[in-house]
Amino acid sequence: MYRFNHKNLLGMDQLSVSDINLILDTADSLMEISSRDIKKVPTLRGKSIINFFYEPSTRTKASFEMAAKRLSADTLSLSATDSSMVKGETLIDTARNLQAMNPDIIILRHSSSGAPHLLAQYVNAGVINAGDGTHEHPTQALLDLFTIKKKKGRIKGLQVVIIGDIAHSRVARSDIIGLRKMGAEVTISGPPTMIPVDVESLGVKVILDPVKAVKNKDVIMLLRVQLERQDKVLFPSLREYAIFFGLNTQLIKGAKKDVIIMHPGPINRGVEITGDLADGPFSVILDQVSNGVAIRMALLYLLIGGG
Amino acid sequence: MITWIKDGELVDPRSGTKKKLDVVIKKGKIESIIPPGKYNPPNSRDVETIDSSGMIITPGLIDMHVHFREPGEEYKETIATGSRAAAAGGFTAVACMPNTRPINDSRSVTEFILERARKANLIRVYPIAAISMGLRSEVLTEFGDLKQAGAVAVSDDGRPVTNSELMRRAIEYACFFHLPVISHCQDLDLSNKGLMHEGSISTKLGLTGIPAASEEIMVVREILLAKLTGYPVHIAHVSTEGSVEFIRQAKEQGIPVTAETAPHYFSLDHTAVIGFNTNAKMYPPLREPKDVEAIKRGLSDGVIDVIATDHAPHSPIEKDIEFDKAAFGIIGLETALPLTLALVREGVMDLTTAIAKLSYNPASILSIKGGILEEGKEADLTIIDPNNDYVIKKDSFQSKSHNSPFIGWRMKGKAMLTMVGGRIVNDKLKIGN
Ligand SMILES: [Zn+2]
């Protein structure tokens, strides 16, 4: 059997196609646990996991915590705001303190791109990147791949469009890498101010106009937009964004009949997507959430339990 | 006492000399330069002989762009430790940028720097004063008073002069005092929150980019101001292909502009940042391979006059942290010479041209002594072993800091001896014992 040979999950970059397939297959087999009456298995009993959220994120943190608990691991949650350990301390100092507790895994969410890479150099524990700055969010990409595979039966050859602030999205970056590795065709779309330079080097096609970009697509992925990023104003108003780049019932007509709509959340209803579409039959947004727990269970299992 | 440097190859960029010549030094000055075998030492006890066979004798290297951090950030570097690093790297003179704490915008800070340099008593340290009070781009500093105190140039380095009218007046007013104006070219709005060069690697790493245009817009502004006023401007740390081309066109039109680049801009490109390496974070940022090629072309055909290090020491507090929070800048005094010699071996420029950019040219721009090996001149010189092969190690720096992206690099070429006014300040040939 193929073995999972990683200590950390820092980005999608590091994963091979076999790694990704193994994670998705493992998640699939763990899905069943979440539908039991007693949603718990003893697999990671005695293992300890630190959820270290330097930047607030209710849903990712909850998802990781749920995943750890269903595998019977002990979890400890720290956040920058409630932990005195963090104040005035460098990330390396914090890392050494966390290491002193001898955890098996540290899950890090941080506002700085590259923070998990720095942490991983200073701890023996495995490190999972739960989103670093505008760099990567690999577990989101894995759960997106998982969701697509479950809905479509495959990833290879699918036509995917990602619409929104690609430049500042760690989700987009990880999704692009993951989708390209698994053989999907990826188009990105949105206002030119949100398209990073030389993005074609990531293997994507750029079609700015969403009307053209969604044509014949199997999957539409939306990103959360914000008016201001790094003090730079990228577009005039959310209202105008909704008119020209928001997904609505008219726009979606160009896509394939069985298109699925994805969004990493939280949604700005009426901005990236109209409310009726978000709640409608094409939307798999809630599937993404439940699949997220399974993917994170799979990762914890593979990283600690051994694959 | 007499010092007799024998059997070395003398390289003097101004005269174009490049041949085996002995140098005889007396009372801190070059007494004579004569063919090997022709010198008859008067009394062997009074003669210190330096055998430099297989080595190159050059004018003492001059770095017109360093940050010595004193006053204010002595934990990163002091004028004494910076001077040691300079001497070890083959430099006999440096010009220090004014962004210390307090900023060098007054006579008292300029005098303090010169006093510290005298105490360190190693190399020649020339203060560069600020253009604007507090580097705030609002009011000019007292150029005349600062010049009298010992400043050799003015610059707001670390920050651009954002007010174009103020820059125009600075260029005009500085000319009256024969003070060169050195510009740090950066459009602060375009580079706002930028962490590295904007390109495929910033896109991949999710780091906010600094577009090449952020530098080039200001290079063009300075060229236009030099044209408007007819007075010279010196462009610091050129890093992009566009800047090289704009400066080339300006020079062709006879506009009085000079330019420098730093060794990292011809030795590294933006891929050095991969892995979030904070020792590859500096302003301007490391650019693309096409920019590196353009910098080499600029060095080769004379568009870029000077190689200066932008030596910027930082402690682990500023560097061993998240990439976005880390300080900009790297040390350079102890790696500049071998990196430049690598370009000579690569065929980018000949040895004489390379030495000119490290000595004669910066001396001319700043109107300071040095840069020339000639009878009667101060004995500021460097003896280089071009074949000395070694690996850069973290603990081998004389600088107080070791924020260098070149740690672990195999280098060829080393300053074996540095002499300032006839006095040996770096003695890897063990002449002293
Ligand atoms: Zn500068």
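Just so it is clear: chains get the letters A, B, ... in the order the sequence lines come, proteins before strands, and each one is counted from 1.
The neighbour count for A/K205 NZ, taken as heavy atoms of other residues, nucleotides or ligands under 6.0 Å away, does not exceed 12. For NZ of A/K212, the number of neighbouring non-hydrogen atoms (other residues, nucleotides, ligands) closer than 6.0 Å is 12 at most.
Classification of A/D13 and B/K204 as a salt-bridged pair holds, one side-chain N sitting under 4.0 Å from a carboxylate O.
Proximity to chain A is absent for every atom of B/I274, based on heavy atoms less than 4.5 angstrom apart.
Of all residues in residues 109-120 of chain A, those placing a non-hydrogen atom less than 4.5 angstrom from a non-hydrogen atom of chain B are A/H110, A/S111, A/S112, A/S113, A/G114, A/A115, A/H117, A/L118. Of residues 194-203 of chain B, those residues with a non-hydrogen atom less than 4.5 Å from any non-hydrogen atom of chain A are, in numerical order, B/E198, B/G199, B/S200, B/T203.
Atom CZ of residue B/F276 and atom CG of residue A/D132 lie 5.5 Å apart, to the nearest 0.5 angstrom.
In terms of heavy atoms, A/I92 sits closest to B/D320 at CD1-O, 3.0 Å.
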